Amino acid sequence: MARLIALLLLTALPAAAELPDKKVERLWKAKCSACHGADGRGQTPTGKKLKLPDFTRPAWQAKTTDELIRNRVMNGVLETRDGVEKEMPAFKDELQPEHLDAIIALIRKLAVAP
Ligand code: HEC
């Protein structure tokens with residue numbers, strides 16, 4: 001009986017941690033868009049100053065692995081390149097793994113057709 005109840009409880013839970021699109025979009029707008037732009041092109045004042053990559057470009061999408069995105073977002077960035085100090089905060093204390101997966105999916109959706 002207890003087993004049956006446990007089974008019923010389990011199946012009643014929402015399907016594995018997928019965030020609704022609206023929530024991910026809010027997360028992106030709140031934490032990322034100030035630098036990367038709502039559209040991911042990096043054309044904000046900060047984005048231009050830091051010479052941020054354009055996430056909508058097919059070439060950027062192709063060369064950028066999910067692993068790299070994960071790593072950068074979790075650990076942040078701090079390096080001098082292209083004559084600017086590129087600094088991005090680490091988000092590992094703020095984002096749950098399912099948030100990160102959802103953000104990666106959102107970044108992939110920013111891609112424009114070649
Ligand atoms: C304070 C500005 C700032 C904020 C806020 C910010 N970033 Fe960044 N981000 C940067 C900088 C600077 C880099 C390094 C860019 C480079 O390598 O040219 C970067 C790099 C990245 C990269 C790797 C790009 C590449 O080609 O290597 C990803 C992916 C990324 N950011 C995603 C995010 C996400 C997702 C968020 C929100 C959770 C976020 N960033 C918030 C400034 C920011």
Side-chain angles (χ1 to χ4, degrees):
M1 187 60 183
R3 258 201 183 165
L4 183 64
I5 291 172
L7 193 68
L8 284 174
L9 278 175
L10 268 181
T11 47
L13 288 173
E18 250 207 39
L19 293 191
D21 283 357
K22 279 275 165 278
K23 195 166 171 196
V24 192
E25 271 171 35
R26 277 207 303 273
L27 202 70
W28 170 263
K29 290 215 172 99
K31 296 189 191 290
C32 321
S33 70
C35 295
H36 292 286
D39 59 3
R41 289 180 191 272
Q43 291 303 303
T44 63
T46 311
K48 285 183 188 163
K49 205 169 76 196
L50 297 177
K51 298 187 188 161
L52 295 189
D54 179 349
F55 292 171
T56 68
R57 280 178 52 237
W60 182 86
Q61 290 281 344
K63 74 170 183 206
T64 307
T65 61
D66 286 1
E67 224 20 68
L68 185 127
I69 298 178
R70 197 179 299 277
N71 190 295
R72 297 265 148 158
V73 178
M74 292 304 260
N75 301 316
V77 179
L78 182 56
E79 55 195 54
T80 302
R81 205 179 342 106
D82 302 335
V84 287
E85 186 170 291
K86 296 191 175 252
E87 182 168 12
M88 165 170 151
F91 287 93
K92 61 170 171 294
D93 297 332
E94 294 180 49
L95 297 178
Q96 305 299 317
E98 64 266 31
H99 292 151
L100 198 55
D101 289 343
I103 289 230
I104 293 173
L106 179 144
I107 289 176
R108 294 302 182 199
K109 273 196 223 154
L110 295 170
V112 288

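Small disclaimer: the values here were computed from a predicted structure and weren't measured. All values below come from the heavy atoms of this structure, side chains included, with hydrogens, waters and symmetry mates left out. Just so you know, residue 1 is the first one in the sequence shown, and it goes up from there. Read the numbers this way: they start at 1 and go in the same order the structure lists the ligands and their atoms.
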Check residues 72-79 and write down every donor-acceptor pair under 3.5 Å in which the side-chain atom is one partner and the other belongs to a residue at least two apart or another chain.
| from | atom 1 | to | atom 2 | distance (Å) |
| --- | --- | --- | --- | --- |
| Asn75 | ND2 | Asn71 | O | 3.3 |
| Asn75 | ND2 | Asn71 | OD1 | 3.4 |
| Glu79 | OE2 | Arg81 | NE | 3.0 |
| Glu79 | OE2 | Arg81 | NH2 | 2.4 |

[X]: numbered ligand 1 atoms lying under 4.0 Å from its heavy atoms:
| X | answer |
| --- | --- |
| Ile103 | 35 (C) |
| Lys86 | 12 (C), 15 (C), 16 (C), 17 (O), 18 (O) |
| Leu50 | 12 (C) |
| Lys31 | 5 (C), 37 (C), 41 (C) |

Nearest-neighbour protein heavy atom for [atom], which is reported as residue plus atom name and distance:
| atom | value |
| --- | --- |
| atom 25 (C) of ligand 1 | Trp60 NE1, 3.7 Å |
| atom 29 (C) of ligand 1 | Ile69 CG2, 3.6 Å |
| atom 28 (C) of ligand 1 | Phe55 CZ, 3.6 Å |

Could you list who else is in Leu50's hydrophobic cluster, with ILVMFWY side chains joined at under 4.5 Å, directly or through other members?
Leu52
Side chain to side chain contact (heavy atoms under 4.5 Å, CB included) with Leu95: which of Lys92, Glu98, His99?
His99
Of all the heavy-atom pairs spanning Thr64 and Leu68, show the shortest one and how long it is.
CG2-CD2, 3.7 Å
Between Arg70 and Leu100, the two heavy atoms sitting closest are CG-CD2, 3.3 Å
Please tabulate, for side-chain N and O atoms in residues 30-40, each donor-acceptor pair with protein atoms closer than 3.5 Å (sequence neighbours left out).
| from | atom 1 | to | atom 2 | distance (Å) |
| --- | --- | --- | --- | --- |
| Lys31 | NZ | Glu94 | OE1 | 2.6 |
| Ser33 | OG | Lys29 | O | 2.7 |
| Asp39 | OD1 | Arg41 | N | 3.1 |

Spacing of Thr46 atom OG1 and Glu87 atom CD [to the nearest 0.5 Å]:
12.0 Å
Do the side chains of Ile107 and Trp60 get nearer than 4.5 Å, heavy atoms only?
yes
Side-chain contact test, heavy atoms from C-beta onward, threshold under 4.5 Å: evaluate it for Leu110 versus Trp28 and give yes or no.
yes
Does Thr46 have a heavy atom less than 4.0 Å from any atom of ligand 1?
no
Residue-ligand contact Pro53/ligand 1, heavy atom below 4.0 Å
yes
Can you check the number of protein N/O/S atoms within less than 2.8 Å of atom 8 (Fe) of ligand 1?
2
Region of Leu68 that comes within reach of ligand 1 [heavy atoms, distance under 4.0 Å]:
side chain
Have a look at ligand 1 and work out which part of Arg81, if any, has a heavy atom under 4.0 Å from it: side chain, backbone, both or neither.
side chain
Taking atom NZ of Lys23 as the centre, report whether more than 12 heavy atoms of other residues, nucleotides or ligands fall under 6.0 Å from it.
no
Backbone or side chain, does any N or O of Thr64 fall under 3.5 Å from an N or O of ligand 1?
no
Do Glu87 and ligand 1 have an N or O pair less than 3.5 Å apart?
no
